[in-house]
Amino acid sequence: MSIDLIPALAATRKAHHMTQAELAQRAGLSRMTVQRTEGGDLDPRYSTLAEMARVLGLDIIAVPSSLRPSLEAFVQAGGKFLGQPQGVDAPPSVVDSLSRPG
């Protein structure tokens, strides 16, 4: 499930039918910064990536390496608790609570 951040940002930008110049303008960056970041010619600061993500409606989160396998399993399970014994009262899954209106 490993996703490279910069290609994911570029793909999201394209899916939003947004040019590099538009992303740059909305994020308060230069077009050259966005172009060089997406092209791999620049090692961007976290703040640059966070602004690009914000404009694209994304959040960047840091996950400790030791928790990554558990997080990936959680996401792949659709946000449901893993290994939950039958009959045990547990809060609703993240997916169930997000899919309810209001």
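Heavy-atom minimum distance, Glu51 versus Ala27: OE1-O, 3.8 Å. Taking both residues in full, the closest heavy atoms of Ser66 and Pro69 are given as O-CD, 3.8 Å, listed atom of the first, atom of the second, then distance.
Here the OG-CD distance, from Ser30 to Gln25, works out to 12.5 Å after rounding to the nearest 0.5 Å. Here OG1 of Thr37 is found 9.5 Å from CG of Leu23. Values are rounded to the nearest 0.5 Å. Of the inter-residue distances, the one linking Leu5 atom CG with Met52 atom CE reads 8.5 Å to the nearest 0.5 angstrom.
Counting heavy-atom neighbours within 6.0 Å of Asp41 CG, excluding the residue itself, gives a total above 12.
In this structure, Met18 and Val55 have side chains that are in contact, with non-hydrogen atoms separated by less than 4.5 Å.
Listed for the Arg36 side chain is no donor-acceptor partner under 3.5 Å among the backbone atoms of Leu42. Within the 3.5 Å criterion, the main-chain N or O of Leu29 finds no donor-acceptor partner in the side chain of Thr33. The closest donor-acceptor contact from the side chain of Thr12 to the backbone of Ala8 lies under 3.5 Å.
Residues Val34 and Met32 do not share a hydrophobic cluster, defined by chaining ILVMFWY side chains whose heavy atoms lie under 4.5 Å apart.
Not counting sequence neighbours, the partners of Ala21 by the side chain to side chain contact (heavy atoms under 4.5 Å, CB included) test are Thr19, Arg31.
Applying the salt bridge (charged side-chain N to carboxylate O under 4.0 Å, His left out) test to pairs two or more places apart or on separate chains, those with a residue in residues 7-27 are Arg13-Glu38.
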